Number of protein chains: 2
Amino acid sequence: MDGSDLPRLLLEAHRVLAADLDAELADRGYPDLRPGHAAVFLAVDRRSGTRLTELARRARMTKQGMMLTVDDLEQRGYVRRVPDPEDARAKLVRLTARGRRVAAEYRRAVQAIEQRQRRDLGERRYEQLREVLERIVAPEEHEVA
Amino acid sequence: MDGSDLPRLLLEAHRVLAADLDAELADRGYPDLRPGHAAVFLAVDRRSGTRLTELARRARMTKQGMMLTVDDLEQRGYVRRVPDPEDARAKLVRLTARGRRVAAEYRRAVQAIEQRQRRDLGERRYEQLREVLERIVAPEEHEVA
DNA sequence: CGGCGATCGTCAAGGTGCTTGACCGTTGCC
DNA sequence: GGCAACGGTCAAGCACCTTGACGATCGCCG
């Protein structure tokens with residue numbers, strides 16, 4: 001009745017939940033945050049900060065792509081770049097005080113989304129969904145256990 | 001270890017499979033086709049053709065968005081627009097002969113992707129994945145059966 | 001210690017796959 | 001026959017990346 005192929009279905013599902021996440025954050029008073037920012041807020045080490053390249057690796061994207069996101073967050077005052085004392089090439093992306101507050105909201109917003117899905121899908125199906133997606137995204141980490 | 005939230009995970013999974021689909025089509029001799037085109041090739045009625053608005057509805061996107069895709073396919077000679085005899089406002093998007101050949105390749109390419117996933121995930125998990133995704137995308141069609 | 005390939009961050013450009021907004025012509029119902 | 005609703009279109013813009021190229025620094029090998 002709809003005929004969507006699997007790749008497209010994944011994209012559509014992403015959009016639905018990304019819109020939900022956006023709405024959650026707007027409700028919590030941060031209308032300028034977008035779903036893509038989650039990749040940083042949820043991946044950055046809260047105390048020490050994290051290198052750009054490492055953030056990119058965690059989000060499975062290029063460092064150039066991650067830079068655009070970090071640039072955006074820096075401009076909005078949520079993170080700042082500080083030199084990495086251990087390597088003069090590197091910088092650490094670190095949350096500002098404001099950024100830490102937002103990171104907390106982010107985690108709550110994501111939890112709200114995921115809990116809604118748990119409720120709608122049931123615990124077992126939810127867990128399987130996550131497992132299956134991670135398997136598609138990073139097959140080598142799910143070798144014949 | 002990766003920290004991706006569910007919306008992001010869906011996006012990442014989409015990208016993996018969309019890249020696979022792209023590769024499948026390139027292998028089959030159509031390097032100019034992109035995953036997004038599937039929304040048309042798999043949704044258009046093979047004989048009669050289908051209205052733009054209806055295609056958009058099936059793909060769960062705006063008619064303007066669908067127009068861009070159809071424009072692209074028309075320029076490449078895969079579809080053409082013909083007036084709808086039943087409504088002077090409307091046009092039918094119809095496959096050309098070339099378009100029909102490609103639609104067949106598309107279905108095969110999508111099948112190849114989906115069969116690989118069936119193999120990697122197992123039949124049961126694959127079916128559940130589809131069901132769950134459709135549920136997220138179109139909740140009203142999955143009301144308390 | 002000197003050279004050199006690898007790594008970190010950055011700049012620039014491009015691309016996919018949409019969106020919102022505005023509009024015109026046609027339809028069809030009161 | 002008047003008018004809201006619908007079908008298609010033009011225009012602009014946005015989210016979220018990509019590939020390519022490059023300078024600075026690192027660290028290993030000889």
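Chain naming here is simple, since letters A, B, ... match the order of the sequence lines and numbering starts at 1 in each. Here the structure is a predicted model, which means the values were calculated and not measured.
- In terms of polar N and O atoms assigned as donor or acceptor, the side chain of B/Arg89 comes within less than 3.5 Å of the base of D/dC6 in a complementary pairing.
- Put simply, CE on B/Met67 is 17 Å from P on C/dA22, counting in whole angstrom units.
- The CD1 atom of B/Ile136 sits 11.5 Å away from atom CD of A/Glu12, with the distance rounded to the nearest 0.5 Å.
- Between the CG atom of A/Leu55 and the P atom of C/dC8 there is a distance of 12 Å, rounded to whole Å.
- Counting to the nearest Å, the P atom of D/dC16 and the CG atom of A/Leu68 are 11 Å from each other.
- The pair A/Asp5-B/Arg130 fails the salt-bridge criterion, with no side-chain N (NZ, NE, NH1 or NH2) lying under 4.0 Å from an Asp/Glu carboxylate O.
- Rounded to a whole Å, the CG atom of B/Asp84 is 12 Å from the C1' atom of D/dG8.
- Atoms CZ (B/Arg81) and C1' (D/dG8) sit 8 Å apart, rounded to a whole Å.
- Among the heavy atoms of the strands lying under 4.0 Å from B/Gly36 are primed sugar atoms or P, OP1, OP2 only; no base atom is included.
- Mapping A/Arg15 and A/Glu54 onto DNA chain C by nearest heavy atom places A/Glu54 at the nucleotide closer to the 5' end.
- In this structure, CE of B/Met61 is placed 10 Å from C1' of C/dT19, rounded to the nearest angstrom.
- For D/dT9, the OP1/OP2 oxygens have a side-chain nitrogen or oxygen of B/Lys91 closer than 4.0 Å.
- The base of C/dG21 is paired with the side chain of B/Gln64 by a donor and an acceptor separated by under 3.5 Å.
- A close approach under 4.0 Å does occur between a side-chain nitrogen or oxygen of A/Arg34 and OP1 or OP2 of D/dC16.
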Contacts under 3.5 angstrom, residues 16-23 of chain A side chains, donor-acceptor by atom type, not counting sequence neighbours:
unit_1  : atom_1 : unit_2   : atom_2 : d
A/Asp20 : OD2    : A/Arg116 : NH1    : 3.3

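- The shortest distance between the side-chain N/O atoms of A/Thr62 and the OP1/OP2 oxygens of D/dT19 is not below 4.0 Å.
- The nearest heavy atom of DNA chain D to B/Lys63 and to A/Thr69 marks one nucleotide each, and the one closer to the 5' end goes with B/Lys63.
- The nearest whole Å value for the distance from the CZ atom in B/Arg58 to the P atom in D/dG7 is 13 Å.
- For the pair B/Arg8 and D/dC16, the criterion of a side-chain N or O lying under 4.0 Å from OP1 or OP2 is not met.
- C/dT16 atom C1' lies 10 Å from atom CG of B/Asp72, rounded to whole Å.
- Using a 4.0 Å cut-off between charged side-chain N and carboxylate O, B/Glu74 and B/Arg80 make no salt bridge.
- The residues A/Arg94 and A/Asp84 are annotated as not salt-bridged, no charged nitrogen and carboxylate oxygen being separated by less than 4.0 angstrom.
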